[in-house]
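Only a predicted model underlies this, so the values are computations on that prediction, with no experimental measurement involved. Below, read A as the first sequence line, B as the second, and so on, with proteins coming before strands; counting in each chain starts at 1.
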Amino acid sequence: MAEYTSLEKIRLQKLEELRAEGIEAYPTRAKRTHTSAEAIAAFEAAESEGASSGSTPQVQVTLAGRIRAIRVMGKISFAHIEDGNGKIQLFFRANEIGKERLDFFNKMFDIGDFIQAEGDMFRTKTGEITLHVHDFRLLAKSVSPLPAAKDETLEDGTIVRHAALGDPELRARQRYADLAVNPDVREIFRKRAAIIKALRTFLDSKGFLEVETPILQPLYGGAAARPFETHHNELEQDMYLRISFELYLKRLLVGNLEKVYEIGRDFRNEGVSFKHNPEFTQLEFYWAYADYLQVMALTEQMVSFTAQEVLGTQKISYKSHEIDLTPPWKRLEMRDGILETSGIDIDEHKTAESLFNAIKAKHPNKTPDPKATRGKLIDYLLSEFLEPRLIQPTFLYNYPRDISPLAKSLPGNPMTVERFEAYTAGFELCNAFTELNDPLDQEQRFIEMGRDYEADDAEKHPLDEDYLRAMRYGMPPNGGFGMGVDRLTMLLLDKHSIREVLLFPALRKEE
RNA sequence: GGGUCCGUAGCUCAAUGGCAGAGCAGUGGUCUCUUAAACCAUUGGUUGGAGGUUCGAAUCCUCUCGGACUCACCA
């Protein structure tokens, strides 16, 4: 049972008064002929027409929206309402609607209420295009006051928001309130939708088929992450929420679907941070007869296309960095990048022990994990030395085999696989490789993986026999790709926390 | 999970051991072109929660809840 604040009690009192007067506070139907933007455009058009013919513009509209500000001035009142397309001012005057109706508006309507108002458009003395209200009605009463900000329009047209809802927890927990009072937050999610649409448009245009694979899986795989576990009662079996799409999408290549992609949710039962949420949106595609170099070329096209579609430019700003997404992006072999930044040539250290000693000798203050595999040490060098310097989009390619169990080795170089990651603004954007399609090699890698993780029960990975069975039928050579859509959104919109680009990020439950 | 920091009115924020405050919002009033409207008056608090130290705690201590940043983890 909700406990009401004093402000809410006042509004509940108003609801009772409305009911007593026989006024429905939540009518079933609303009417609107124009959005705020359409009404303003219609009036401007009528104005310019009137300028040539000499007539006064006549534009009758019915608007609907949420009250954001009320200014009562004796026998007139002003209000601003906001709808999905913007704001517009309402002008109430006793001359037209009568003193009684004006008092009714002043007394019974609050910021946050939804209102329907009809009248004709005009320009106020200060030039603002405004609705001259002849009739109005309540569409929905707001019981709880919105954490409403006040917008100040400066002389140069910039809008300063005062007392805006700012508490990051409250904004995420009550995203509905955040969205209601912060138009720029709504804009983030419009752009996010545009990003996903652009990705689809791009892949569709390249002949990829969008598919949907199981989220609820009897086995999980395709990434190194702990899964969420659940249980199916009727089947009497444990199930997992997927941690990647990879193994199912590649089964489709076995089935002769040559180019497939999926955009959907992955779930990883791991830490939460500014770039990690337990559920996140992933894009993966698999492309038969392509290799990682072709995937690289497609990646830079796809990301630059998306930026162009959504932002109208390929030059973006992230934190204080100016980043140019125009292809081609820089290509840097991982070995060279690590050598340049750390002074260590990983090819000269074929074992974990040798590489560990080299790191300690060269960088005594660094603390790599002495139990790490060679691949993990290389990953450590990458994140310590190289990653922070990769500001402009860069493909880092050729990765150690033992941290890439699903990727194919370079011909003649079994220690290294054909894999790349794209880095921008110092963080990883995507991960791709020439996919391993040799069922016997794959089985061997799974067994090796099992051995590597044996000590660490939490990261123990099941061997997916069905995936191997599929692969034994024959899988075409192919290139595969995965990208966090949330991360791409952060990059393109210059947002520095994943929570800013998720409508409802994971939060601890209240109380 | 570790470290650092934060939590005060519906919102934004003051008060650093000595009477819990301001602006906005709200309520009552003046006001027929305002726009962060203005002006006059006024309501509003278990200072996240529990315990402790003290003559006295928003302030210091312990525990706890929630969050931010950061580290670890995250093929």
Side-chain angles (χ1 to χ4, degrees), chain A residues 4-11 13-14 68-80 87 89-96 99 102 107 110-112 122-128 130 132 142-154 159-173 177 181 221-226 243-244 246 268-276 278 280 367 369 372-373 375-376 378-379 382-383 399-407 417 419 421 428 431 433 445 448-449 452-453 456 458-459 461 482 496-497 499 507-511:
Chain A
Y4 293 109
T5 65
S6 58
L7 295 180
E8 288 167 332
K9 284 173 185 160
I10 290 165
R11 294 195 182 190
Q13 180 62 35
K14 291 181 184 180
R68 290 298 307 276
I70 298 174
R71 293 178 292 278
V72 174
M73 307 189 52
K75 295 188 181 64
I76 62 169
S77 289
F78 290 91
H80 266 100
K87 279 193 201 177
Q89 183 168 250
L90 307 184
F91 176 60
F92 301 82
R93 194 165 67 156
N95 298 31
E96 286 79 33
K99 183 74 167 68
L102 184 64
K107 187 157 165 277
D110 290 293
I111 291 167
F122 79 114
R123 240 178 230 279
T124 61
K125 282 178 186 170
T126 54
E128 181 166 350
T130 298
H132 195 152
S142 162
V143 173
S144 301
L146 281 174
K150 282 201 163 193
D151 289 345
E152 180 182 15
T153 308
L154 301 180
I159 292 171
V160 180
R161 190 162 312 125
H162 297 273
L165 180 65
D167 178 9
E169 181 185 358
L170 200 60
R171 287 188 46 229
R173 228 178 253 294
V181 300
R226 269 177 286 170
I243 58 172
S244 86
E246 175 149 4
R268 296 186 182 178
N269 204 341
E270 287 171 354
V272 176
S273 80
F274 75 96
K275 54 179 178 177
H276 296 90
F280 62 98
T367 54
D369 178 4
T373 62
K376 289 238 177 188
I378 292 171
D379 204 38
L382 168 64
S383 53
Y399 276 63
R401 171 186 146 125
D402 69 307
I403 56 169
S404 314
L406 298 159
V417 294
R419 172 179 171 187
E421 293 183 339
E428 179 197 333
N431 181 17
F433 28 89
R445 302 264 198 114
E448 282 172 25
M449 286 297 292
D452 287 347
Y453 285 108
D456 186 352
E459 290 197 358
H461 274 245
H496 310 143
S497 164
R499 290 186 172 191
L507 293 170
R508 235 176 275 270
K509 68 178 177 188
E510 290 179 87
E511 292 156 346

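With both pairing distances under 3.5 Å, U4(B) is matched to A68(B) as a Watson-Crick or G-U wobble pair. Base pairing annotation: A75(B) forms no Watson-Crick or G-U wobble pair, as no partner gives both donor-acceptor distances under 3.5 Å. Across all strands shown, A22(B) forms a Watson-Crick or G-U wobble pair, both distances under 3.5 Å, with U12(B). Nucleotide A37(B) forms no Watson-Crick or G-U wobble pair with any nucleotide shown, as no partner meets the under 3.5 Å limit on both distances. Across all strands shown, nothing is found opposite U32(B) as a Watson-Crick or G-U wobble partner with both distances under 3.5 Å.
Residues Arg11(A) and Asp110(A) are paired through a salt bridge, judged by an N-O separation under 4.0 Å between the basic side chain and the carboxylate. Salt-bridge annotation for Lys150(A) and Glu152(A): absent, with no side-chain N of the basic residue lying under 4.0 Å from a carboxylate O of the acidic one.
In this structure, of U27(B), U12(B), A75(B), it is A75(B) that holds the atom nearest to the side chain of Ile403(A). Distance from the side chain of Phe122(A) is smallest for C33(B) among the nucleotides C74(B), C33(B), U34(B). Residue Phe78(A) has its side chain nearest to C33(B) when only G10(B), C33(B), A75(B) are considered. Checking A75(B), C33(B), C11(B) against the side-chain heavy atoms of Pro405(A) singles out A75(B) as nearest. Side chain of His276(A), nearest nucleotide from G26(B), C74(B), U34(B): C74(B). Between C69(B), U32(B), A75(B), one nucleotide has an atom nearer to the side chain of Ser497(A) than all others, and that is C69(B). Checked against A25(B), U32(B), G67(B), the side chain of Leu7(A) finds its nearest nucleotide in A25(B). In the set C33(B), G66(B), A36(B), G66(B) carries the atom at the smallest distance from any side-chain atom of Glu169(A). Comparing C69(B), A75(B), U12(B) against the side chain of Asp167(A) picks out U12(B) as the nearest.
Look at Arg71(A) and you won't find any side-chain N or O under 4.0 angstrom from OP1 or OP2 of U34(B). An OP1 or OP2 oxygen of A37(B) is reached within less than 4.0 angstrom by a side-chain nitrogen or oxygen of Lys150(A). In this structure, Lys14(A) reaches the U27(B) phosphate: one of its side-chain N or O atoms is under 4.0 Å from OP1 or OP2. In this structure, Arg508(A) reaches the G67(B) phosphate: one of its side-chain N or O atoms is under 4.0 Å from OP1 or OP2. For G67(B), the OP1/OP2 oxygens have a side-chain nitrogen or oxygen of Arg173(A) closer than 4.0 Å. Here Lys509(A) does not reach the OP1 or OP2 of G67(B): none of its side-chain N or O atoms lies under 4.0 Å away.
Following rounding to the nearest Å, Asp151(A) (CG) and U12(B) (C1') show an atom-to-atom distance of 14 Å. Summarising the geometry, the separation between CG on Asn95(A) and C1' on U32(B) is reported as 7 Å, rounded to the nearest angstrom. One interatomic measurement links the two molecules: CZ of Phe274(A) to P of A72(B), which rounds to 11 Å at whole-angstrom precision. Separating the CG atom of Asn269(A) from the C1' atom of G1(B) is a distance of 14 Å, rounded to the nearest angstrom. Atom CG of Leu146(A) is separated from atom C1' of G26(B) by 14 Å (rounded to the nearest Å). Spacing between atom NZ of Lys125(A) and atom P of U34(B) amounts to 7 Å, rounded to whole angstrom units. Rounded to an integer number of Å, the gap from CZ of Arg226(A) to C1' of A75(B) is 15 Å. If you take OH of Tyr4(A) and C1' of G10(B), they are 15 Å apart, rounded to a whole angstrom.
Comparing U8(B) with A15(B), their C1' atoms sit 9 Å apart, to the nearest whole Å. The gap from the C1' atom of U12(B) to that of C61(B) amounts to 31 Å, rounded to the nearest Å. A72(B) and C63(B) have their P atoms separated by 26 Å, given to the nearest Å. Nucleotides G3(B) and U59(B) are separated by 24 Å at their C1' atoms, to the nearest Å. Between the P atoms of G17(B) and C60(B), the separation comes to 9 Å (whole Å). Taking atom C1' in both A58(B) and A25(B), the straight-line distance is 24 Å, to the nearest Å. Nucleotides U16(B) and G28(B) place their P atoms 36 Å apart, quoted to the nearest Å. Distance noted for atom P between U42(B) and G21(B): 14 Å (whole Å).
Taking Arg161(A) as the reference, Asp151(A), Asp184(A) meet the salt bridge (charged side-chain N to carboxylate O under 4.0 Å, His left out) condition, with sequence neighbours excluded.
With hydrogens and angles disregarded, no donor-acceptor distance shorter than 3.5 Å links the side chain of Arg268(A) to the backbone of Ser244(A). Counting only distance, with no hydrogens or angles, the side chain of Arg419(A) and the backbone of Ile403(A) share a donor-acceptor pair below 3.5 Å. The backbone N or O of Arg226(A) sits less than 3.5 Å from a side-chain atom of Glu270(A), completing a donor-acceptor pair. With hydrogens and angles disregarded, a donor-acceptor distance shorter than 3.5 Å links the side chain of Lys14(A) to the backbone of Lys107(A). Listed for the Ser142(A) side chain is no donor-acceptor partner under 3.5 Å among the backbone atoms of Pro145(A).
Looking at heavy-atom distances under 4.0 Å, Arg419(A) makes contact with sugar-phosphate atoms alone, never a base. Looking at heavy-atom distances under 4.0 Å, Gly166(A) makes contact with sugar-phosphate atoms alone, never a base. Contacts of Gln89(A) with the nucleic acid, taken as non-hydrogen atoms under 4.0 Å apart, include base atoms. Leu170(A) comes within 4.0 angstrom of the backbone, heavy atoms only, and of no base.
A distance of 6.5 Å separates CD1 in Ile159(A) from NZ in Lys87(A), rounded to the nearest 0.5 Å. The distance from the CG atom of Leu146(A) to the CD1 atom of Ile111(A) is 9.0 Å, given to the nearest 0.5 Å.
Remark on RNA chain B: of its neighbouring residues Asp369(A) and Ala94(A), the 5'-side contact belongs to Ala94(A), judged by nearest-heavy-atom nucleotide. Residue order along RNA chain B, read from the 5' end via each residue's closest nucleotide, puts Ala164(A) first among Ala164(A) and Asp110(A).
Scanning atom types as modelled, one donor and one acceptor separated by under 3.5 angstrom connect the side chain of Thr124(A) and the base of U34(B).
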Contact list (N/O, under 3.5 angstrom) for nucleotides 29-31 of chain B vs protein:
unit_1	atom_1	unit_2	atom_2	d
C31(B)	N3	Gly74(A)	N	3.1
C31(B)	N4	Gly74(A)	N	3.2

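Taking the six-membered ring for Trp and thresholds of 30 and 60 degrees, Phe91(A) and Phe122(A) have ring planes inclined between 30 and 60 degrees apart.
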